[in-house]
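Source: prediction; values computed, not measured. Every chain is numbered from 1, with letters handed out A, B, ... down the list of sequences.
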Amino acid sequence: MAASNHIETAAAGAGTGAVGIALVIAVELIGAAFLRQFLLVEDWRIIVGMLGVFCAALYVLQSRPALENRIAEAFSEHRRLATLLGAVIVLMFPFVLEQSTYALHLCVLSLLYATLALALNFQLGSANIPNFATGASYGIGAYASALLAVNLGVSFWLALPVAGLVATIFGFLLGLPSMRTRESYLALVTIAFGVVVHQLLNNLEFTGGPNGLVGIPAPELFGHNFASPLVVFGYSLPSQANFYYLSALLVLIAILFADRLHNSRVGLAWNALRADELAARCQGINTTWYKVLAFAVDAFLAGFAGTIYAFYVGFISPDNFTFLVSVTIMTMVIAGGMDNILGVIVGAVLLTLLPEKLRAFSDYRILFFGVTVIAFLMIRPQGIFPQRLRRYGG
Amino acid sequence: MSTLVLEGEGLTMRFGGLVAMAEVDFKLNRGEILGVIGPNGAGKSTLLNIITGIYKPSSGQVRLEGDKLTGIPTHKIVERGIARTFQSSRLFGDLSVLDNVIIGRHVHTKCGVFDAVFRRGRAQRELKESAAIAEDLLKAVSRELYEQRHRPAAVLPQADRRRLEIARALASEPKVLLLDEPSSGMDDNDTEALITDIRAVCAARPDLAMIIIEHDMHLVSTLPHKVMVLDYGEKLAEGTYEEVRKIPRVQEAYLGRKAVENA
């Protein structure tokens, strides 16, 4: 009797295991197929229909927390499978886009914005620091690397870390005056910083003023120029694919950063700061230092994203890095889900694609964009994928 | 070797024209519990805020084992060995119970951004150790609390929130623990349980000194070795509970002049 019970529980365990595996595979494949269709479709009715389906899916998740927990459980149980399949999907994705350069371009932009949103998430999501200057850090990274490349002929691979460093230094500089302020006043300081950076880029001689910088050479790797098509096993992909893989790598780095910091003493200290600053100080947390640190980490990743952007489009001007860019990044974090890596990425992809896919509405597209974001937030007030509690070894 | 742990000398706190605390002295020995009582606005919380460095006193100083604390930022004072709880419990509500206690270990852990990103093994090991210590601490403070360690702190009932705050404060392995009205918002049963818990904490840590701010006279009469009475920022009296409660000025401060005359 006991033996049969044992077998039964084992079978049940295997059963849930198989269901879990199937669930992970299904969710990832459906997600990828949905994204591919959304990228390629041009008829506005289908686009609106797909958005409706997405909202419905969110609604189901919101009204059935058990289902959401089951999916989350399956993913944490089969973490390795989920990661592996995700990697394969990301690697294969350019091959299923029917050579569409536009779709690939949108993918690159989405990935760059995903990095920026992950960068801001360290501040807004983890530590609740309303930083409206991520766009400025993005610009500083872009300009630093572009200036190096255009004036000194520095290669992309060297310009990348240097730009990250320069942006980090500026992040520190922004962090210092911000230490003395809090909440709305802190937001004001960051807005001012963003405006100052934009004005400087616009008016300085060596940044090219409003005309910006042109002729940033495409990066090269082992003799392969990133401006030329990428040929894999005889299959030729448009040149955007080079940058697709580069920015995918950047997102991967950003995810590693985010995941490791989140599950560390630093992430906990940031979360403590977010919940109650005075109580955090009374646990021995140097709140000033951790705030400045969040500014620096944010600027570092944003600087990286800026560099890739500059080398990707080959031309940058101050208008690429306005206050509006910072606000968009902030919306991505809030709509996607504060302090949830997956949520932030989904938010970034969605909010990058929306204004592009709503072009059929011409002048009204920003209106529709706003309405969609409001709809998401009404269905899922805490973001598409809200924060989850940490677990330690079972 | 002296058994004196914490002392305050001539502590004065002025906010503009308002004197919130005037020339208060106190001494706290190792393993001793000092109760601080007084009517609302007497300066009890001000005293804790001065000790923990949230306020910088207008004059006077606080010394921990002979080292001056005045002027040192709050987070450094925690490092030196002073932990506190708050009158209105200030937990990290959206984090799990366990995370709250792990954050309490902050001063005993070291991993920064570099370790977290590039030396993951080290960071993970440190965090696991912290988690294990935090779990033991929770078990010791309350078995029920330990069972709820993976729930968000915000959903706990009042008594458990207070226990968690004490556990979080103990996680920093303090020499001095400051409790700001631990029984506020509790009924008699909860207060009784709290007294038992605090006794257990003291029994496990014979060297731990405590300052407890309280209104609940039952708690004040049982736990503290000595009681200090504050009124309008001044020290009215100090002594054992039995001594202090007989002093007419203390009765006045608590009950009002009329009531004392009629008694």
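Using a 4.0 Å cut-off between charged side-chain N and carboxylate O, B:D180 and B:R84 make a salt bridge.
Across B:P73, B:A169, B:C111, B:A123, the residue that shares the most heavy-atom pairs under 4.5 angstrom with chain A is B:C111. Most heavy-atom pairs under 4.5 Å with chain B: of the set A:A275, A:A269, A:G267, this distinction falls to A:A275. If you tally non-hydrogen atom pairs under 4.5 Å between each of A:L293, A:V266, A:N286 and chain B, the highest count goes to A:N286. Contact count versus chain A (heavy atoms, under 4.5 Å) is highest, among B:I77, B:L95, B:N100, for B:L95. Note on A:D276, A:L261, A:T287: by heavy-atom pairs under 4.5 Å with chain B, the leading option is A:D276. Heavy-atom pairs under 4.5 Å with chain A peak, among B:L91, B:D115, B:V113, B:T85, at B:V113.
With a threshold of 4.5 angstrom between heavy atoms, A:Y290 approaches chain B through side-chain atoms but not through N, CA, C or O. For A:I285, the parts lying under 4.5 angstrom from a heavy atom of chain B are both the backbone and the side chain. Contact of B:K76 with chain A is not made at all, since no heavy-atom distance falls under 4.5 Å. When heavy atoms are compared at a cutoff of 4.5 Å, B:R168 approaches chain A by way of both its backbone and its side chain. In this structure, the portion of B:E126 lying under 4.5 Å from any heavy atom of chain A is its side chain and not its backbone.
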Original post:
Could you go step by step and tell me if A:S145 and A:L160 meet the side chain to side chain contact (heavy atoms under 4.5 Å, CB included) rule?
Top reply: CA-CA 7 Å; A:S145 56; A:L160 186 67; over 6 Å; no
Original post:
Can you list the steps and then say if A:D339 with A:R274 is a salt bridge (charged side-chain N to carboxylate O under 4.0 Å, His left out)?
Top reply: CA-CA 11 Å; A:D339 219 12; A:R274 174 184 67 192; 3.4 Å; yes
**OP:** Could you give me the CA-CA distance, side-chain angles and deciding distance for B:K139 and B:L137, then say whether side chain to side chain contact (heavy atoms under 4.5 Å, CB included) is met?
**Re:** CA-CA 5 Å; B:K139 257 184 242 172; B:L137 202 57; over 6 Å; no
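B:T74 places a side-chain N or O within 3.5 Å of a backbone atom of B:T52 that can act as its donor or acceptor partner. Without hydrogens or angle criteria, B:D160 side chain to B:L156 main chain gives no donor-acceptor distance under 3.5 Å.
Counted by atom type alone, A:Q283 and A:R281 present zero donor-acceptor pairs between their side chains at under 3.5 Å. Checking B:S183 against B:E214 by side-chain atom types alone, a donor-acceptor pair falls below 3.5 Å.
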